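Have a look at the structure below before the remarks.
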Protein chains: 2
Amino acid sequence: MGVPSGSDGDQPPTRTVTLRDVAQLAGVSIATASKALNGQPQVRATTREKVVRAAEQLSFSPNTLAQGLITQRSGTVGLLTSDLEGRFSIPILMGAEDAFGSDQTSVFLCDARGDNVRERHHLRALLSRRVDGLIVVGARPDARPSLGDLPVPVIYAYSPSDDPNDLSLVTDNVGGGSMAVDHLIRHGRRRIAHITGDATYGAARDRAAGALDRLRQEGLALAGDQVWYGAWSEAWGRGATRMLLQRDPTVDAIFAGSDEIARGVLDVLHQEDLDVPGRVAVIGFDNWNILAANARPPLSTIDMNLEQLGRLAAQRLFAAIDGNVGSGTETIPPRLITRESTAPLD
Amino acid sequence: MGVPSGSDGDQPPTRTVTLRDVAQLAGVSIATASKALNGQPQVRATTREKVVRAAEQLSFSPNTLAQGLITQRSGTVGLLTSDLEGRFSIPILMGAEDAFGSDQTSVFLCDARGDNVRERHHLRALLSRRVDGLIVVGARPDARPSLGDLPVPVIYAYSPSDDPNDLSLVTDNVGGGSMAVDHLIRHGRRRIAHITGDATYGAARDRAAGALDRLRQEGLALAGDQVWYGAWSEAWGRGATRMLLQRDPTVDAIFAGSDEIARGVLDVLHQEDLDVPGRVAVIGFDNWNILAANARPPLSTIDMNLEQLGRLAAQRLFAAIDGNVGSGTETIPPRLITRESTAPLD
DNA sequence: TTGTACGCGTTATCAT
DNA sequence: ATGATAACGCGTACAA
């Protein structure tokens, strides 16, 4: 079909305006037009004025592709994510996009959907588009295979590369776990339990390690006698809490490995008529706003500062593009979000 | 700092390999190399073989920028979103990215963060990059100002353009509301109430209109005597449910305007010991998996098919780029997701 | 201060 | 079937 849009009559297919048109209208050569628009000093003020005016009049917009051909810089970067759906990619992506946006560089978004073939495919396309650099955002906080030697710098975010020569940016899960327990201790809790997700996730083990570490420092034992590994789901939060309460009714605080799990924990505590935080304090992980802020009561939690991680990735990539390539793994500190679920005992 | 990465010695700054290198290695002219690689018929099989092999050996990757200069097509499109944070943009964006990915076109992601200035800024950048087209993804399902006449086709997704000459793709909120109530009726419910979000959202009013319409068809009155407009939050879901139960204890089903609200509804129903779905059925809206699938019980809901909307936007944009520009507003039908919160009364 | 001429990497048109 | 050569739109060394 194709209804012709616009009410204007059939204008001749208006060629996109080039620098030649501007130069012509201004009555100068292409070279001077270029210099004038690019703020080169060797051009008379009045001439520059003429050119600028002409450019505006024609609403000239320089062809970045042509510029890139010359400068050998496309002014673009690739954002290669493994799962857009996952909630962790988004903030990172936002941070990066934000950091780049304030500069001149545009961002190619590619979602590999966890598929290796698709990833290679996107990689080829990006290199063919001559991106100046690449940020690879993983789906889970465990090491992923390096992309190997590429003609452009690469930063790995969230999932570190398995090659220590690459530069990776990750969250500090050990520190986060420790921070959560520290917060509970400072609020007078002594019988602290830990319910968390899939033990095959490094994040789960790291958070637990941090938590246990902090408990040990304080000479406290873990309530419930074990770390309750399971699934990253509300359902597991419910199930584990029931088991926990049965095994150890003296528990006065629960550190949940994710906000989802924490919601399940809250649900069962309500069912058992155990006041939160009066009787049991609860702290989550992720600061997933929709879950944490709207919980009853609002949930204290650990924020991994993913947006900052994204921004930092952008900065590191810039540095690498400018020749300052780094390597190793850089860790971003988490942040405590205090809400009502851990208010002090009165 | 900048630790030099890689363990290989200081290789000379390896120039990116061009078609010339390939031609040279294959012992042919640049022109023939080009033809060979592009599958032109006028080239001997053995020659083509040579060239292809040379290209592989050098892992040649054609410079898309240069190609674009000639073909006047960049093979890129812009995805201009108003709020990446918002959960609605993501699935649309995924659908579009997916549809494009299977073709040759790459996607520029731009987040305007609801800021008009930033939007113009991104727009300039995208046009300067010679994108072949644009998809504008709004933050809320109400009309937004048109970008006006641009040198490339534009598709508006989720938020329709206020200019009927533009092509907009939106979800069917009236149909969704009607579908939700229909489902409840089919399962024997007669005392149906509706709790929803901010009345300034067209989506809220449309869903309510669809619900009321379906009730009217059936000769049923709305339980609770009114549509409970409020906020798109769990807290409002709780508050409204309490008021509703007070005003009309006979209610046997609640249609919530969002899954968030539905979660609040469920919470209060549990507190009041009203079995779901035994005593009261609950249906949400959005199919926001994390909220709906993990609710207790799992929540029936309406899915707006946003990913499909994104894919369709990509297809329509392709058509427009190929000259088949459309206009007006196209509506994507929603889809009912049945879970346990609306299981039939036994 | 301005203009000429060349090149960026590729495709397309013409000879050969 | 192959190879010069001219574009594409722009930046820049060099000459004027």
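Sequence lines set the chain letters: A, B, ... in the order given, protein chains first and strands last, and positions in each chain run from 1. Computed from a predicted model, the values in this text were never measured in an experiment.
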## Note on the structure
One would report the end-axis bend of the helix from C:dT1-D:dA16 to C:dT16-D:dA1, five pairs per end and rounded to 10 degrees, as 50°
### Message
Taking side chain to side chain contact (heavy atoms under 4.5 Å, CB included) as the definition, give me every residue that meets it alongside A:V107, ordered by chain and number, with sequence neighbours left out.
### Response
A:V77, A:L79, A:F100
### Separation of atom CD in B:Q42 from atom P in D:dG3, rounded to whole Å
13 Å
### Task
Under the salt bridge (Lys or Arg N to Asp or Glu O under 4.0 Å) rule, collect the residues that match up with A:R48, sequence neighbours excluded.
none
### Task
Answer with yes or no whether the side chains of B:N165 and B:S327 bring together a donor and an acceptor at under 3.5 Å.
no
#### Entry: Residue pairs passing the salt bridge (Lys or Arg N to Asp or Glu O under 4.0 Å) test where at least one lies in residues 20-36 of chain B, sequence neighbours excluded
B:R15-B:D21
### Query
Is it true that a side-chain atom of A:S82 and a backbone atom of A:V137 form a donor plus acceptor pair closer than 3.5 Å?
yes
### Query
What's the CD1-P distance between B:I70 and D:dG9, to the nearest Å?
11 Å
### Task
Kindly state which residues belonging to residues 18-30 of chain B come within less than 4.0 angstrom of DNA chain D, counting heavy atoms of the residue only, listed by number.
B:V28, B:S29
## Note on the structure
Comparing nearest nucleotides in DNA chain C, the 5'-proximal residue of the pair B:Q40, A:Q72 is A:Q72
### Message
I'd like to check the salt bridge (Lys or Arg N to Asp or Glu O under 4.0 Å) partners of A:E330; sequence neighbours left out, ordered by chain and number.
### Response
A:R316
### Query
For DNA chain D, which residues in residues 60-69 of chain B have a heavy atom at a distance below 4.0 Å?
B:L69
I'd like a table of donor-acceptor pairs (distance under 3.5 Å, sequence neighbours excluded) in which one partner is a side-chain atom from residues 84-98 of chain B, with atom names and distances.
| from | atom 1 | to | atom 2 | distance (Å) |
| --- | --- | --- | --- | --- |
| B:R87 | NH2 | B:E260 | OE2 | 3.1 |
| B:S89 | OG | B:D83 | O | 2.8 |
| B:S89 | OG | B:D83 | OD1 | 3.1 |
| B:E97 | OE2 | A:D111 | N | 3.0 |
| B:D98 | OD2 | B:R311 | NH1 | 3.4 |

### Task
Pick out which of B:D149, B:L317, B:V136, B:D166 makes a side-chain contact (heavy atoms from CB on, under 4.5 Å) with B:V154.
B:V136
### Query
Partners of B:D162 by salt bridge (Lys or Arg N to Asp or Glu O under 4.0 Å), sequence neighbours excluded?
none
### Task
Indicate yes or no: does A:K50 engage A:E56 in a salt bridge with an N to O separation below 4.0 Å.
no
### Query
Is B:R140 salt-bridged to B:D142, going by a charged N under 4.0 Å from an acidic O?
yes
### Summary
So OH of A:Y156 and OG of A:S168: to nearest 0.5 Å the spacing works out to 7.5 Å
### Query
Counting only heavy atoms not in B:Q40, do more than 12 fall under 6.0 Å of its CD?
yes
### Query
How many Å lie between NZ on B:K35 and P on D:dA4, as a whole number?
11 Å
### Message
Of all nucleotides in DNA chain C that come within under 4.0 Å of a heavy atom of chain A, which is furthest toward the 5' end and which toward the 3' end?
### Response
C:dT1 to C:dG9
### Query
With B:R124, which residues qualify under salt bridge (Lys or Arg N to Asp or Glu O under 4.0 Å), at least two apart?
none
### Query
Strictly by modelled atom types, are A:S161 and A:R144 linked by a side-chain donor-acceptor pair under 3.5 Å?
no
### Contact residues, residues 44-51 of chain B to DNA chain C [heavy atom, < 4.0 Å]
none
